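Here is the structure we will look at.
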Protein chains: 2
Amino acid sequence: MSEQNFDVLKLENQICFPLYACSRQIIRKYHKYLEELNLTYTQYIAMMVFWEVKKINVKELGSRLYLDSGTLTPLLKSLEEKGYVRRYRSKEDERVLLVEITSSGKALREQALSVPEKMKGCTKLTKEEAVTLHQLLYKILSE
Amino acid sequence: MSEQNFDVLKLENQICFPLYACSRQIIRKYHKYLEELNLTYTQYIAMMVFWEVKKINVKELGSRLYLDSGTLTPLLKSLEEKGYVRRYRSKEDERVLLVEITSSGKALREQALSVPEKMKGCTKLTKEEAVTLHQLLYKILSE
DNA sequence: TATAATTAAATTGTACTCAATCGAATTGAG
DNA sequence: CTCAATTCGATTGAGTACAATTTAATTATA
């Protein structure tokens, strides 16, 4: 009767734990290539957005990266100090902070091309497995 | 000629970014259930290990959780303050710190059963998709 | 049109995360 | 045996994460 099944509390039966462990494992691998660019991983994915859109506000950047202002405010100040972005208030709505990539930030893009190159094969997944993983992850994120 | 393909630097083409975003999204969902137990997510997965093995040293715990002493030392001190574990040096090798679950920590297991229950269906993956994801993630971790 | 409600960032406080370094204990080569 | 190398955990410092709160600006409503 009062037998309790604790299997649901086993590490090996979790879905979040390997997600969490995997993301940290890969981010650790990024570290040695990104430090050549003087970027952290979070700064790197933020730069990916700037390379695409050139200009964006904090809220919209946060919704793309799934990060809030508590994380982004210091991160964007740091990118500004490095000279990769410029921050300024919107004239139309003073609450909104616009962040725009600088020429220096744009120039970094060429250098950054070496990163995916070096990270190639960082996981031993086949192309098909990587596609499957990608789809499953975005299915989770789409909720 | 000198056309460069920057697609490899697009956020949508990354594998690590959705891993990172997914794990944080799910951990955020855990938060409201775990705070009823006065545990953070990292403390929760550490407790999962203690519920299984009762006693373990820091290095072995770190290899199971993919975390190092810089993360675990303060985390274990915090769990000790809450009364869930006891920390002491090994008599055989004074370098080794053993961490053992207390009766209070064992009692927490029953309460914790509600967490996977509440998290059930936190992702809308089918059972098959969840199994596939699990396999792919452990393939990455096994490198 | 006052003012209440909402919104956007910034701030605060707690807790990771991890590279790098340190100090103490143990082990191993000569 | 002995000193150098290794190992274990703790510490340090920089950078996130994020819930909760605050401040300032804007919008909506009575």
Side-chain angles (χ1 to χ4, degrees), chain A residues 16-17 19-47 56-63 65-82 87-99, chain B residues 16-17 19-46 56-63 65-82 85 87-99:
Chain A
C16 185
F17 170 65
L19 274 170
Y20 166 70
C22 266
S23 72
R24 288 186 296 104
Q25 182 184 85
I26 301 180
I27 289 170
R28 269 198 300 278
K29 290 184 185 176
Y30 269 106
H31 182 267
K32 64 170 165 294
Y33 305 126
L34 288 177
E35 72 179 352
E36 297 169 13
L37 306 191
N38 189 27
L39 289 178
T40 65
Y41 182 73
T42 317
Q43 291 165 5
Y44 174 62
I45 60 175
M47 288 307 299
I56 195 170
N57 66 52
V58 174
K59 184 182 171 59
E60 170 65 12
L61 179 64
S63 86
L65 299 180
Y66 304 88
L67 290 169
D68 77 358
S69 67
T71 303
L72 290 175
T73 295
L75 183 144
L76 292 169
K77 285 179 178 173
S78 165
L79 286 179
E80 184 173 50
E81 276 175 28
K82 298 180 211 264
R87 300 178 335 124
Y88 57 95
R89 293 280 164 181
S90 162
K91 280 281 172 284
E92 293 74 42
D93 185 341
E94 290 278 354
R95 292 172 304 182
V96 173
L97 188 85
L98 293 170
V99 190
Chain B
C16 185
F17 169 65
L19 275 171
Y20 165 70
C22 267
S23 71
R24 287 186 298 105
Q25 182 184 86
I26 301 179
I27 289 171
R28 268 196 302 276
K29 290 183 186 176
Y30 268 106
H31 182 269
K32 65 168 163 297
Y33 305 126
L34 289 177
E35 73 179 352
E36 296 170 13
L37 306 191
N38 190 25
L39 289 178
T40 65
Y41 182 74
T42 316
Q43 291 166 5
Y44 174 62
I45 59 174
I56 194 169
N57 66 51
V58 175
K59 184 182 172 59
E60 171 64 12
L61 179 63
S63 87
L65 298 179
Y66 304 88
L67 290 169
D68 77 357
S69 68
T71 303
L72 291 176
T73 294
L75 183 144
L76 293 170
K77 285 179 178 174
S78 167
L79 287 178
E80 184 172 50
E81 277 175 29
K82 297 180 213 265
V85 301
R87 301 176 336 121
Y88 57 96
R89 292 279 165 184
S90 163
K91 280 280 171 287
E92 291 76 41
D93 185 339
E94 291 277 356
R95 292 170 306 178
V96 174
L97 188 86
L98 293 170
V99 189

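Since the model is a prediction, treat every value here as computed from it, not as a measurement. Throughout, protein chains are lettered first and strands after them, A, B, ... in sequence-line order, and every chain is numbered starting at 1.
One can place CG of A:L79 at 11 Å from P of D:dG15, the figure rounded to the nearest angstrom. Atom NZ of B:K91 is separated from atom P of C:dT26 by 11 Å (rounded to the nearest Å). Atom CG in A:L34 sits roughly 14 Å away from atom P in C:dC18 (whole-Å rounding). Distance B:K29 NZ to D:dA19 P: 13 Å, rounded to the nearest Å. Atom pair A:E81:CD and D:dA14:C1' shows a separation of 13 Å (rounding to whole Å applied). Remark: P of C:dC16 and CD1 of A:I27 are 17 Å apart, rounded to the nearest angstrom. What separates CD of B:Q25 from P of D:dC18 is a distance of 10 Å, to the nearest Å. Residue B:Y88 contributes atom OH, which lies 17 Å from atom P of D:dC8 at whole-angstrom precision.
At a threshold of 4.0 angstrom between heavy atoms, the contacts of A:D68 include nucleobase atoms, whether or not backbone atoms are also involved. Across all strands, B:T40 comes closer than 4.0 Å only to sugar-phosphate atoms, never to a base (heavy-atom distances). Note on B:K77: only backbone sugar-phosphate atoms sit closer than 4.0 angstrom, heavy atoms only; bases stay farther off. Within 4.0 Å of B:L67, counting heavy atoms only, lie sugar-phosphate atoms of the nucleic acid but no base atom. Among the heavy atoms of the strands, none lies under 4.0 Å from B:E35. Backbone-only contact: A:L75 has heavy atoms under 4.0 Å from sugar-phosphate atoms and none from a base.
Nearest to the side chain of A:R95, among D:dG9, C:dA19, D:dA24, sits D:dA24. The nucleotide whose nearest atom lies closest to any side-chain atom of A:D93 is, among C:dA25, D:dA10, D:dT26, D:dT26. Distance from the side chain of B:T71 is smallest to C:dC16 among C:dC16, D:dG9, D:dT6. Checking D:dA24, D:dT11, C:dT26 against every side-chain atom of B:S69, the shortest atom distance belongs to D:dT11. Of the candidate nucleotides C:dA19, D:dA25, C:dT26, C:dT26 has the atom nearest to the side chain of B:E94.
With a 6.0 Å cutoff to the six-membered ring centre and a 45° limit on the axis angle, A:R24 counts as a cation-pi contact of A:Y20.
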Take B:L34 and B:T40 through the side chain to side chain contact (heavy atoms under 4.5 Å, CB included) test and state the conclusion after the steps.
-> CA-CA 6 Å; B:L34 289 177; B:T40 65; over 6 Å; no

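When all heavy atoms of A:Q43 and A:L39 are compared, the pair lying nearest together is OE1-CA, 3.5 Å. Pairing each heavy atom of A:S69 with each of A:P74, the nearest pair is O-CD, 4.1 Å.
Summarising the local packing, NZ of B:K59 is surrounded by 12 or fewer heavy atoms from other residues, nucleotides or ligands at distances under 6.0 Å.
Side-chain N/O atoms of A:R28 include one lying less than 4.0 angstrom from OP1 or OP2 on C:dC18. For C:dA10, the OP1/OP2 oxygens have a side-chain nitrogen or oxygen of A:T73 closer than 4.0 Å. In terms of phosphate contacts, B:R24 brings no side-chain nitrogen or oxygen within less than 4.0 Å of OP1 or OP2 of C:dC16. One finds a side-chain N or O of A:R89 lying less than 4.0 angstrom from the OP1 or OP2 phosphate oxygen of C:dA10. For C:dA9, one of the phosphate oxygens OP1 or OP2 lies less than 4.0 angstrom from a side-chain nitrogen or oxygen of A:N57. For the OP1/OP2 pair of D:dA17 and a distance below 4.0 Å, the side-chain nitrogens and oxygens of A:T42 include at least one atom meeting the criterion.
Ionic pairing of B:E94 and B:R89 is not present here: no N-O contact between side-chain nitrogen and carboxylate oxygen is shorter than 4.0 angstrom.
Position along DNA chain C of the nearest nucleotide to A:E60 versus A:Y20 favours A:E60 as the more 5'-ward residue.
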